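Structure, as structure tokens:
Quick note: residue numbers are just sequence positions, from 1. Owing to the predicted nature of the structure, the values given are computational and were not obtained by experimental measurement.
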Amino acid sequence: MKFTRASTLVTAGLLASVSIGALVQGFTSAEATRRVEALLARMPGASVGSVSVDPWTGRAAISALSIEANGARVTARNVTFRTGANVFAALVSPAFAAEGSAEADDVEIDAGVAKIHIPHIEASGTELTGDDLSEIIDPKSALTPKERLEKLTASSIVVPEVRADVTAGPITESITYNKITLSDVESGKIGDLTIDGGTVSATGPGMPGPIEGTMGAFSSKNLDLALYARIISESRTDPNEPLGVLYESATFDGLQLKSGDAFSVSVGKMTAHDIKGRPFVKSIRELQDLMPKSTGATPTPPSPEQSKALLEFVADMYSSFEIGSTEVSDISVKVNSGPNPVAFSLGRVSLSNIANARLGEVAVDGLNINANDGHVGLGSFAIRGFDFKSTLATLQGLSPADPNAMKNINPRNLIPTIDQIVFSKIDADVPDQRHQGNVDNGNRDKFSIGKIELDGSNYLLGVPTAFSAIIDNVVAELPSSDANVKQLIALGYPKIDMSAKLAIAWNEAASELLLKEITLKGAGMGGLTVKGTFGNVTKDLFTGDPAVAQAALLGSVIKEASLRLDNTGLFEKVFDFAAKASNKSADELRKEYITAASVGIPQALGDLPAAKAVATAVAKFIAQPKSLEIVAKSAEGLGAADLQLLGNPAALMSKITVTATANQ
């Protein structure tokens, strides 16, 4: 932003200088002076020390140029113009030839809080006429900012150095840019803009010390200043105007800041691609005029009409910009002041595919926070498909005349939709102020998580009808002082490594809700998976109010349910532990369990063939615990009224079909 303000003022001063030069091309010294004076007369606060022209060589020189307008003052010690045209050609056309050039020395721009110093400026290869350039800088010209910039054409503009001194209250800041080059400038578009880096410094009260820093090189391609001017100053007349390219690409090679040993900041490479935009339906100035004007210490609240106008502006703004991608890498912040230094680092932050109130992806990689007493790390984080079009559309539909407008809308219409949220490689080792941690006698919390992933799609009023949640490899030591986990530790699990998954999906055509899986797994333990199919599930479950949704849930039926156990070590440890507690061998205890299952399950389930099949599978699993799966189906489905049969397993078994398999 600081560079933008500086470059705008520099461009204004340069245009003023070049326009005066264009006016003197091809005329005698007396005529040139007259034309310059005529231009300056239309510009309050403008003056010139002297003008000299060599009509035979096409060289003109101006000394002590000063222009003052809109609170800013531009001065230059010398301004020199050269063209390849001799006097006779210039009399025919007062335009610069293709090899024309302009130079200015000791340019200063005083804008109050900022003073900009430019030792030298060079411009070459412009074909603008004196009349064109006169219109560009004439404050009384009818040209819009966009039209003024569209007249700017040059093969190159080079500024070897720019220094900006900024004073904001007690804080002073100095920024120096090295060799600014604008190439292929045509109709307000800059083909290539480069800056060879720079330096920055700042001082002020409250700072631990002076801040010093360096900036890397900057470059951009196809920068459209005229379109920027339209966005800032105009409104669009065509609601469907396509977006234009603001700039094709930009690269900044980072910066480093430090204040002695107190703190340091380092930012690596920054890139941006395919940035597009268009003017808003209501211009920024029009929006400012609509805003309430505060007269006292308490701000005046906006009227309903003003609030609606602001919401419409926000909605239009989100549809008037597109970002292909932006990325910042290698961010590092170190704070050494105080008893506990902190270091913060980020490997990468990126945004991509932002358009029409939808964010394609925001991603963070390599987050690390380190202090003397702790560490938190995050391998990566991403939000994908964040869409808030429905939120904006609902707010836009509010009536300014309705004092209870929010009462008449479904609040779920305000909920944005998200395709995916992902965290990976989380690890933490931090103090526990409550002394209830899992390590170091409760004084610390230490754990890691491989991945957390949430996926949603097919939204209805902010609720995904297809959803999955995954959490992988939650690894943590178990606190020996916690009575709730002592049994696990006794079984031989001083540390856990757990994973879980939930996945559901609604099939509207079949009116079925599929519980694709609820899975819980433990490393060295095994896994439990539950699946199911619910019938007669209507849209009311997702779109109705709570009472309607509850009725829809009670009207659904269970058509199929399954349970699967996979053993990878837990049952062996349970048998061994139970055997020791009963002073028996594991084999003896296993035989007792096999007998109990073979006899007890058929008795409990009504001694039906299905019950015997279940008992056989369970006994086989106990004998050699690998896997056990039980599947229950009901052609008509079990409804809420059938839940009372849970207390009568035999009656329940008569209404369903059950199959059981072991070790498959």
Side chains of [X] and [Y]: donor-acceptor distance under 3.5 Å anywhere?
X	Y	value
T251	T271	no
E512	N536	no
S634	E636	no
S424	S380	yes
E629	Q664	no
H375	D429	no

Looking at [Y], is its backbone amide N or carbonyl O close enough to the side chain of [X] to form a donor-acceptor pair, meaning the two atoms are under 3.5 Å apart?
X	Y	value
S499	N473	yes
N567	F571	yes
N340	N372	yes
N443	H435	no
S219	T194	no
D482	P479	no
S627	N663	yes

Report the distance from atom [atom1] of [X] to atom [atom2] of [Y], rounding to the nearest 0.5 Å.
X	Y	atom1	atom2	answer
L541	S511	CG	OG	11.5 Å
T661	F621	OG1	CZ	11.5 Å
I558	I656	CD1	CD1	10.0 Å
E361	L351	CD	CG	9.0 Å
Y247	L227	OH	CG	12.5 Å
R384	S352	CZ	OG	9.0 Å

Pairing residues for T214 by the side-chain hydrogen bond (donor to acceptor under 3.5 Å, both in side chains) criterion, not counting sequence neighbours |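 Checked T214 against side-chain hydrogen bond (donor to acceptor under 3.5 Å, both in side chains); matches are Q256.
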
Should D224 and V245 be marked as a side-chain contact (heavy atoms from CB on, under 4.5 Å) after you check the CA-CA gap, both sets of side-chain angles, and the distance that decides it?
-> CA-CA 7 Å; D224 193 337; V245 177; over 6 Å; no

Check: [Y] and [X] side chains under 4.5 Å, non-hydrogen atoms:
X	Y	answer
F388	I415	no
I452	V422	no
I323	I275	yes
N413	S390	no
L478	P494	no
M498	M525	yes
P416	F386	yes
V614	V658	yes

Criterion salt bridge (Lys or Arg N to Asp or Glu O under 4.0 Å) on D192 and K221, from CA distance to verdict = CA-CA 5 Å; D192 289 281; K221 289 187 176 296; 2.7 Å; yes

Under 4.0 Å between a Lys/Arg side-chain N and an Asp/Glu carboxylate O for [X] and [Y]?
X	Y	result
D566	R564	yes
E508	K539	yes
E234	R230	yes
K521	D472	no

Pi-cation contact, F263 with K258 (under 6.0 Å, within 45°) |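 Because its charged atom misses either the 6.0 Å distance or the 45° angle limit, K258 does not stack over F263.
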
Would F313 and L311 satisfy side-chain contact (heavy atoms from CB on, under 4.5 Å), going step by step from the backbone distance to the final call?
-> CA-CA 5 Å; F313 177 82; L311 290 173; over 6 Å; no

Minimum heavy-atom separation for [X] and [Y], please, with both atom names.
X	Y	answer
T568	G522	OG1-O, 4.1 Å
L454	A469	CD2-CB, 3.6 Å
T538	A552	OG1-CB, 4.1 Å
Y493	A523	CE2-O, 4.2 Å
T237	P239	O-CD, 3.4 Å
V364	L346	CG1-CD2, 3.0 Å

Test side-chain contact (heavy atoms from CB on, under 4.5 Å) on K495 and V475 and set out the steps.
-> CA-CA 7 Å; K495 181 170 73 173; V475 179; 3.9 Å; yes

Return yes when atom [atom1] of [X] has more than 12 non-hydrogen atoms of other residues, nucleotides or ligands closer than 6.0 Å, and no otherwise.
X	atom1	answer
Y318	OH	no
E286	CD	yes
K573	NZ	yes

Can you sort out the partners of R348 under salt bridge (charged side-chain N to carboxylate O under 4.0 Å, His left out), two or more places apart, ordered by chain and number?
->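 So R348 forms a salt bridge (charged side-chain N to carboxylate O under 4.0 Å, His left out) with E327, D365.
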
Stepwise, does the side-chain contact (heavy atoms from CB on, under 4.5 Å) test hold for M270 with L255?
-> CA-CA 10 Å; M270 306 180 194; L255 76 129; 4.2 Å; yes

With sequence neighbours excluded, what pairs up with D238 under the side chain to side chain contact (heavy atoms under 4.5 Å, CB included) test?
->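 Side chain to side chain contact (heavy atoms under 4.5 Å, CB included) list for D238, sorted by chain: N240, E241.
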
Check step by step if salt bridge (Lys or Arg N to Asp or Glu O under 4.0 Å) holds for K282 and E312.
-> CA-CA 9 Å; K282 194 180 295 295; E312 290 175 344; 5.9 Å; no

